[in-house]
There are 2 protein chains.
Amino acid sequence: MQRKLPHSNLYLREEELRRGIELLYFAYRDFTRDPDAILAETGFGRAHHRVLYFVGRNPGTTVSGLLSLLRITKQSLSRVLGQLVEEGYVKQESGVEDRRQRLLYLTDKGETFEKELFATQRQRVAEAYKKAGPEAVSGFWEVLLNIVNEEERDTVLSQIEK
Amino acid sequence: MQRKLPHSNLYLREEELRRGIELLYFAYRDFTRDPDAILAETGFGRAHHRVLYFVGRNPGTTVSGLLSLLRITKQSLSRVLGQLVEEGYVKQESGVEDRRQRLLYLTDKGETFEKELFATQRQRVAEAYKKAGPEAVSGFWEVLLNIVNEEERDTVLSQIEK
DNA sequence: ATATTATGTCAGTGATGTTGACATAATATC
DNA sequence: GATATTATGTCAACATCACTGACATAATAT
């Protein structure tokens, strides 16, 4: 019986870490399911959702702004963004100070669609917040923020606090 | 000033939801980065990691067990699982009660590799737990569990509590 | 005048997922 | 014992989303 404590502690520690990993996996899996289903109807995918989301959050952002936020390559973005522009969800305007830049905005159509996609995740997250309570929500934010790469926490927060 | 409260509440509510959504996105993005880098060296991808992970967690699980846990199709799994078996990371044994079943286990090689992949995420999550503290960790679990589809929470917990 | 930057585009590739159809062997049921 | 169901595997075809590397253009900075 004397050996019980140290063993239990190590065991718990490993279990606690695996619990976080697994919850993160399953939550992310289900969290992307609802919008994916809507997107599939329109012929878009998750990549289109991300662009719609972040352009909606950062009206007037540039192509390179999106590239560094999403950490994908120009070619990956360009295909997705091109489709969104062509089908009238996103509009581009030349920068006023630097006319090389393409400032990106959602059109009305884009905003409506983004709201529809957001609504599914909003519902899920709001429900989870409500069930867990405000203190749990703070903990949720804090742990997640610390999981993000240290160098990028500012970017994440500047997304959020705008 | 009288209008401030209701407006603030609505605004905060939306912001709080978007904060959760964004943190989930960025945390997941970075959380998968370290193992992805190791996997790339061996020619494997994230799908291989998931199989290694869950076979490691559930020694003796069957093909259909994995299918329903991962929610992918047989064809997707079969390609990935086939490679893992062929390269000696996973071994299959016929079921004793039902000989149609293939019971899946990690080989020593598979266990070693899974540990290596796990170590990177372990480090990241342990650090985040440490910085945020135990109460935050509880909140983190609780919110994430409630984000998972209701029907699947048992599955998630039975993964965890084993 | 020259270098750098922001963006776009071409061609090729790879990983991961999908659907649908079909095959085999083992087990369960009538 | 005949038949249905189940667990697994496999084939062919396809879509999405990422990648690399190279090159082009226009605008801005030095």
Among [options], which nucleotide has an atom closest to any side-chain atom of [X]?
X	options	result
Arg102(B)	dA21(C), dG9(D), dT9(C)	dG9(D)
Arg100(A)	dA7(D), dT7(C), dT5(C)	dT5(C)
Asp98(B)	dA26(C), dT10(D), dT8(D)	dA26(C)

Could you tell me whether [X] contacts a base, only the sugar-phosphate backbone, or nothing, with contacts defined as non-hydrogen atoms closer than 4.0 Å?
X	answer
Thr73(B)	base
Arg79(A)	base
Gly43(A)	sugar-phosphate
Ser76(A)	base
Gln83(B)	nothing

TODO: Look at the side-chain N and O atoms of Gln92(A) and state whether any lies under 4.0 Å from the OP1 or OP2 oxygen of dG8(C).
DONE: yes
Task: Distance in angstrom units between Lys74(A) NZ and dA11(C) C1', rounded - done: 15 Å
Task: Minimum heavy-atom distance Leu145(B)-Arg153(B), with the two atoms named - done: O-NE, 3.0 Å
TODO: Grab the two heavy atoms, one from Asp30(A) and one from Asn149(B), that are nearest each other, plus how far apart they are.
DONE: OD2-N, 2.9 Å
Open item on the list: Between the base of dG21(D) and the side chain of Gln75(A), is there a donor and acceptor pair under 3.5 angstrom?
Closed with: yes
Using Watson-Crick or G-U wobble geometry with both distances under 3.5 Å, which nucleotide pairs with [N]?
N	value
dT30(D)	dA1(C)
dT7(C)	dA24(D)
dA15(C)	dT16(D)

